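Please read the structure below before turning to the comments.
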Amino acid sequence: MTAIIIIVCVIALLLLIAALMPKEMNVEQTIVIDKPKNEVFDYVKYIKNHDNFSVWAMMDPDMKKEYRGTDGQVGFVYAWDSKKEKNVGTGEQQIKTITDGQSIEHEIRFIKPRQDVAQAKFIFTALGVNQTKVRWAFHSRMKFPGSIMKPLISGMLNKSLVTGLSGLKTILEG
C-alpha cells in the first residue's frame, strides 16, 4: 500500500511540474562564419542546402524528400519522410518570410512521430566585411503534459543547432 501511495505522489508531482512549466520553448544558437554576409545568406536561403548541415537530414540520408515551389523563395516547401529514423519522422518545412540579406523564417510542421508546429529563423549580422554572425532560433509551444519534457527537448535541440551551425561554418569556410 505504501508503494502505491509513493507512486501516486510521484506522478502527481510530475504532473504539477508539467502544469507549472512555461509552455513556450525558445532555443537559439549563434556562430561566427568568416565569410561575407551575403554569401552566407545566399547559401542558407536554399533549403536544399540544409541537407549539408542539418543534423536531422544527416540522420537518414535515404529519407524520402519532396519539394514544392521554387527553393529560396517564400512559399517553398520541403517535405521529408524517414522510415528508418523515428527522431526524424515525417514533416515539412516552408519558407514563410525572407528579408533579403537579413533573415529567413520557416514554419516547420511535424507529422510523425507526433504532430506539432514550430517556427525557425536564421538571422544574419555582418561583423565585418568578411565575417558574419548567424543566429539560428526555434520557437514552439509545449502542450501539457508533454511540457515536462521541455528541459530534455531543449537540451537536445541546442546540441543539434550547435552541430548544424558548426557544419555550416565548415562548409562555407572550407
Side-chain angles (χ1 to χ4, degrees), residues 25-125 132-143 146 149-174:
M25 182 172 69
N26 295 298
V27 176
E28 67 177 56
Q29 291 294 328
T30 60
I31 198 163
V32 175
I33 298 175
D34 293 330
K35 287 290 180 181
K37 182 174 80 164
N38 285 339
E39 187 176 329
V40 177
F41 177 87
D42 288 342
Y43 185 84
V44 175
K45 81 175 179 180
Y46 294 101
I47 293 181
K48 290 179 184 178
N49 287 339
H50 294 202
D51 282 352
N52 301 323
F53 63 89
S54 165
V55 172
W56 304 283
M58 289 184 245
M59 284 182 189
D60 183 4
D62 299 323
M63 71 180 140
K64 180 182 171 191
K65 299 173 189 173
E66 179 185 317
Y67 308 101
R68 298 187 304 269
T70 303
D71 196 1
Q73 293 185 10
V74 171
F76 178 76
V77 175
Y78 160 66
W80 71 89
D81 184 11
S82 174
K83 303 291 188 210
K84 187 166 65 171
E85 284 293 329
K86 181 183 170 191
N87 289 334
V88 174
T90 303
E92 57 186 28
Q93 177 176 345
Q94 181 176 17
I95 299 174
K96 297 303 272 184
T97 61
I98 297 175
T99 303
D100 196 39
Q102 305 298 315
S103 64
I104 306 162
E105 295 182 40
H106 302 108
E107 181 175 88
I108 304 171
R109 298 179 286 268
F110 301 99
I111 299 166
K112 291 181 185 175
R114 64 181 180 85
Q115 289 190 347
D116 204 354
V117 176
Q119 308 304 315
K121 187 173 188 176
F122 287 93
I123 299 167
F124 307 86
T125 306
T132 305
K133 179 171 84 171
V134 179
R135 182 170 60 139
W136 192 0
F138 275 83
H139 170 78
S140 68
R141 291 190 49 81
M142 303 289 294
K143 297 174 188 160
M149 300 296 291
K150 182 181 170 186
L152 177 66
I153 293 170
S154 291
M156 291 181 347
L157 188 53
N158 267 309
K159 194 175 191 179
S160 295
L161 294 182
V162 167
T163 302
L165 287 171
S166 295
L168 177 63
K169 179 178 177 76
T170 299
I171 290 165
L172 292 175
E173 290 181 0

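Fair warning: this is a prediction, and the values are worked out from it, not measured in the lab.
- A side-chain donor-acceptor contact under 3.5 Å links T132 to the backbone of K37.
- Among the candidates K48, K96, R68, the single residue satisfying the side chain to side chain contact (heavy atoms under 4.5 Å, CB included) test with F76 is K48.
- The distance from the CD atom of E105 to the OG1 atom of T97 is 3.5 Å, given to the nearest 0.5 Å.
- Other residues, nucleotides and ligands contribute more than 12 heavy atoms inside 6.0 Å of the NZ atom of K65.
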(request) Test I104 against H106 for side chain to side chain contact (heavy atoms under 4.5 Å, CB included), laying out the working first. (result) CA-CA 7 Å; I104 306 162; H106 302 108; 3.6 Å; yes
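- Nearest approach of K121 to S103, heavy atoms of both residues: CE-CB, 4.0 Å.
- Across every non-hydrogen atom of W56 and S160, the tightest pair is CZ2-CB, 3.4 Å.
- Contact between W136 and L161 at its shortest, heavy atoms only, is CD2-CD2, 3.5 Å.
- Going from atom OG1 of T163 over to atom CD of Q29 covers 9.5 Å, rounded to the nearest 0.5 Å.
- Note: H139 NE2 to I108 CD1 = 12.0 Å, rounded to the nearest 0.5 Å.
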(request) Output, in order, the C-alpha distance, side-chain angles, deciding distance and verdict of side chain to side chain contact (heavy atoms under 4.5 Å, CB included) for D60 and W80. (result) CA-CA 10 Å; D60 183 4; W80 71 89; over 6 Å; no
Please tabulate, for side-chain N and O atoms in residues 167-174, each donor-acceptor pair with protein atoms closer than 3.5 Å (sequence neighbours left out).
residue: K169; atom: NZ; partner: V32; partner atom: O; Å: 2.6
residue: K169; atom: NZ; partner: E173; partner atom: OE2; Å: 2.8
residue: T170; atom: OG1; partner: S166; partner atom: O; Å: 3.0
residue: E173; atom: OE2; partner: D34; partner atom: N; Å: 2.6

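- Nearest heavy atom pair, residue K83 against residue D81, reads NZ-OD2, 2.9 Å.
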(message) Test side chain to side chain contact (heavy atoms under 4.5 Å, CB included) on K35 and V134; report intermediate values, then the result.
(response) CA-CA 11 Å; K35 287 290 180 181; V134 179; over 6 Å; no
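- Side-chain N or O atoms of D71 include one that pairs as donor or acceptor with a backbone N or O of I47 at under 3.5 Å.
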(request) Please test E66 against K64 for salt bridge (charged side-chain N to carboxylate O under 4.0 Å, His left out), starting from the C-alpha separation and ending with a verdict. (result) CA-CA 7 Å; E66 179 185 317; K64 180 182 171 191; 5.2 Å; no
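- Separating the CZ atom in F122 from the OH atom in Y43 is a distance of 11.0 Å, to the nearest 0.5 Å.
- A distance of 4.0 Å separates CD in E92 from CZ in R109, rounded to the nearest 0.5 Å.
- Shown here for V44 and H50, the closest heavy-atom pair between the two residues is O-NE2, 2.7 Å.
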(request) Go through the steps to decide whether D51 and Y78 satisfy the test side chain to side chain contact (heavy atoms under 4.5 Å, CB included), and finish with yes or no. (result) CA-CA 11 Å; D51 282 352; Y78 160 66; 3.3 Å; yes
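- Contact detail for N52 and M58: the closest heavy-atom pair is O-CE, 3.8 Å.
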